[in-house]
Amino acid sequence: MRGFGPARVALVPALFLLVGCSISTSLSTSSTSSQSASDSSASSSTSSDSSSRSSESSSRSSMGGRERDRYLQDVRSYTAANVRGGVPLETFQKELGELARAHGLTHWEDDETTYLGIGEGLSDAAVGTAQLEMYKTSFSRSDPAKKQAIQRGYDTR
Amino acid sequence: MIRRLARRAALAALLTIAFPIPGWASDRFIEYLYIDANEGGSSGGHVAVRVDDDVFHFEYRRPGMLVLRREPFTAFRHDYTGLDNRTIEASRIPVSEATFRLVRERFRRRHFVQRRQLEQLDTLRTERRILEQMLQRHVDVDGAGFFSGDDSAPDPALAALRQQVVDRYGPTLLTERAETLRRRLAALDRAEVPDPPLGASVDEPGAPAYGFARRYRDTLTALTALEVLETTRPLRPEVTITAAANALRLDADEALRVQRLSGALTASLVRLLDSPRPDWGFPLLLGMARLATLARTHESGQWVFLDAFSRNADVIERARLPGRPELIATMLTDAQSALDIARGRLSSAVRSDGTFDERGFADFEEAGNRIAEIRRALDDGRDVRLPYFLILPAGSGRRPAVLAPSPATLVDRIVAAREREEAYSRVLERLYGYQLITRNCVSELLAELDAALLGARVDVDASPNFVPALSALVVKERYGVSEIVRIPSHRRARLARLYERENALRVFVRESNTITSTLYWRNSRDSTFLFFTDDVVVTRPVFGAVNLVTGVAASAVGLVTAPFDRGKRLRAGLRGAFFSLPELVFQNIRKGSFQYVGQAAATDPDIWH
């Protein structure tokens, strides 16, 4: 790697004149020129024409385990924050819709990962048994499999 | 000097406290990444921190904010060493398991808080823009653009879906739901606009709000979905993509699979009509559009997909395709590989409980888009859209605003919405404002590392630590770096392989310039230059002088062609001349960049110790 080590010290004066950080090309997500009219939300990817090549949560080409993990982590974080903040259920659902869409998913109600993430988030927010049951009923709409997924997420944290 | 020694002693004491168990007792490490300069986005270099598979880095965002980004390492490497053609120097810092978790959680938390705040800003902007559209008596609705007008012949797949809806919920459901939505639209006018965020901090994410304008648009979207279902309008041909490629041909097994997918998707859409979520309109529209593509696939025996490319996708112009067969071959290989993987998963896209696996289908849809795009370009002589902007098909279309508030009310609301948006934007700019020296991507990253590794921010008065190129030296001194490795840029890595295989002089002569190089293909984003100078030192000033002349000459030509190419050649020439100047004094910034780099390059084992 010629020219990579000490020579960089001599570059300092020139660098004062130059921008020293990457410039984000992730445009504001709700650009009027966007392909989508959707709310931008969590990522700059699905909901608009972000010019970022690898915007966060954007890659639909890697919907394997890692992408699923990232979606799970996001649902967990958003759930915990919303529960702590007392966000109304309808707003919470709207936000979940945007978050899922940022991960290339529109029908989040049919995705088990969503319920696992909600359970983990509820655990992070340290909700008690009564509150847990209330959220389980609200989100699962009494579907036993969804209820179980929320409980599993809650128990794993 | 005494002050410096005292500071080091204090640091040593802090380290003793911070690491009761020596870091090297654990296998864990974090990496401080220095990415060398290139023209364009960061001509002064860039820095990041890698924690496991997560890379965190601060980017400058206009008009003057530092934004923390989080990316998977593979994507980060692909972008920086691949497309941007820049070398990454990774300084490994051994840490204990507890410290590793502390660093990761600290960055994740900060990222989450800021991300949510930026989303709130976006939400305020979206609210304002919808109100402005309403004033113009139309609203952009996602999904509305998938379908033809009312007078088109019905789509059989949607007619079958409508029948299932009627069977499940009764013949009056669609009209009753539409009436409910219209009443909701009318009632929304009286809804209170949520309070604007009062402030922001780097520690606490704000609470989301679901305001009037977005509620209006979601309701309008749902109404549109019901209208499409009622009229069973067909897809517009231009929203789909297919090609006569063997890879996209259905075999007997797949024909059955398509039917199962259609059945599962239909059931999923029927359930969606009973969902309490407020934004069910777009999922229904997208699902109906996918259902129609599955029907076309079944009819034609060839996979048909919704077009997932962005309108603004970069392209390789058709005139340039014949000159780069290896590039097209790489793109096809990547696309075929992604398709094979997705096809394997598609077999389980109908889950054991009969529900539709949207993730599996979306992966297949994307991979199919990539194959179809390349085949279509080769067969029909089209430009190739690059597959970096593949998105969930949105199908945005414009529809008249109905039951909207009066223009006077809307004007008042637009004024209020703009004030809220600007006020919150100012709050965030104050909180995350960029300063070239005191607050940039380096200073913010070091501040976070100091807090996580040392427990407190280290004073950096009057030091040059803000310069990315020097910051790795600071990191080495401050955090106890155990090893430094380099991940070479795409061109340097491939050049090294050529040197191993071929005559060195021949490789040097051929690859030293942009005309005969087999590795580089001029990217329209690059400035005009002739010689690469990132892999040479002795000849750098000479090459730089030639590059300077080349840039000046290109600028002169660009002056003449400016009226015809909107100044594109002129700008490239001027930038070419500018970035040649450091080369005259043995420094290199420009390295060239690539429009497309294969996925394999992002996982190359090339690491230089």
Side-chain angles (χ1 to χ4, degrees), chain A residues 1-4 7-12 14-15 18-26 28-30 32-42 45-46 49 51 53-54 56 59-63 66 68 77 81-82 85 87 90-91 93-95 97 101 104-107 109-111 141 145, chain B residues 41-44 46 58-61 67 69-72 75 79 83 112 119 122-123 125-126 129 140-142 205 207-208 210 214 268 275 277-279 282-283 286 310-312 338 355-356 358-359 362-363 366 388 390-392 394 396 440-441 464 466-469 486 537 582 587-588 608:
Chain A
M1 291 289 297
R2 283 165 290 177
F4 198 84
R8 69 164 79 126
V9 175
L11 194 57
V12 175
L15 290 177
L18 300 167
V19 176
C21 301
S22 276
I23 295 173
S24 172
T25 50
S26 302
S28 173
T29 51
S30 45
T32 48
S33 63
S34 73
Q35 182 152 314
S36 154
S38 148
D39 312 334
S40 51
S41 173
S45 55
T46 58
D49 285 350
S51 62
R53 285 182 303 248
S54 64
E56 293 156 305
S59 173
R60 292 179 54 226
S61 62
S62 57
M63 274 293 187
R66 283 188 171 172
R68 199 181 295 268
S77 303
N82 284 344
V87 172
E90 189 189 36
T91 305
Q93 287 175 327
K94 168 67 179 167
E95 197 176 42
R101 191 170 167 184
L105 194 67
T106 60
H107 207 156
E109 290 168 304
D110 271 3
D111 194 281
R141 301 178 68 210
Chain B
S42 63
S43 39
H46 189 49
F58 288 91
E59 282 188 340
Y60 172 88
R61 182 176 294 181
V67 174
R69 294 197 61 194
R70 175 185 172 190
E71 297 178 61
D79 280 3
L83 299 174
F112 172 69
E119 284 164 18
D122 273 338
T123 298
R125 191 171 296 137
T126 303
R129 284 180 173 156
D140 289 338
V141 168
D142 279 356
Y210 188 20
R214 290 193 308 151
S268 172
S275 168
R277 61 185 285 192
D279 58 347
F282 174 67
L286 176 65
S310 156
R311 282 180 198 155
N312 301 329
T355 56
F356 180 71
E358 189 182 2
R359 290 172 187 280
D363 279 358
E366 182 198 318
Y388 293 126
L390 289 175
I391 54 175
L392 200 63
S396 185
N440 66 5
C441 57
F466 67 92
V467 180
R486 294 191 177 98
V537 175
Q587 300 304 327
N588 165 266
W608 295 349

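The sequence lines fix the lettering, A, B, ..., with proteins before strands; numbering per chain opens at 1.
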**OP:** Looking only at non-hydrogen atoms, find the nearest pair between B:Ala207 and A:Val87 and report the distance.
**Re:** CB-CG2, 4.3 Å
Subject >> Contact summary for B:Ser268 and A:Asp110, nearest pair of heavy atoms >> reply: OG-OD2, 3.2 Å
Original post:
Nearest heavy-atom pair of B:Ser275 and A:Arg141: which atoms, and what distance?
Top reply: CA-NH1, 3.8 Å
Original post:
When you measure from the side chain of B:Glu358 to the backbone N and O of A:Leu105, does any donor-acceptor pair fall under 3.5 Å?
Top reply: no
**OP:** Would you give the length of the straight line joining atom NE2 of A:His107 to atom CZ of B:Phe282, rounded to the nearest 0.5 angstrom?
**Re:** 13.0 Å
**OP:** Determine, for A:Arg101 against B:Asp142, whether the closest basic-nitrogen to carboxylate-oxygen distance falls under 4.0 angstrom.
**Re:** yes
**OP:** To the nearest 0.5 angstrom, please state how far the CD atom of A:Glu95 sits from the CG atom of B:Asp279.
**Re:** 11.5 Å
**OP:** Could you check B:Arg359 against A:Asp111 for side chain to side chain contact (heavy atoms under 4.5 Å, CB included), going step by step and ending with a plain yes or no?
**Re:** CA-CA 9 Å; B:Arg359 290 172 187 280; A:Asp111 194 281; 3.0 Å; yes
Original post:
Can you name the closest pair of heavy atoms from B:Pro205 and A:Ala81 and give their distance?
Top reply: CG-CB, 4.4 Å
**OP:** Mark yes or no for whether A:Glu90, through its side chain, and B:Arg277, through its backbone, hold a donor-acceptor pair below 3.5 Å.
**Re:** no
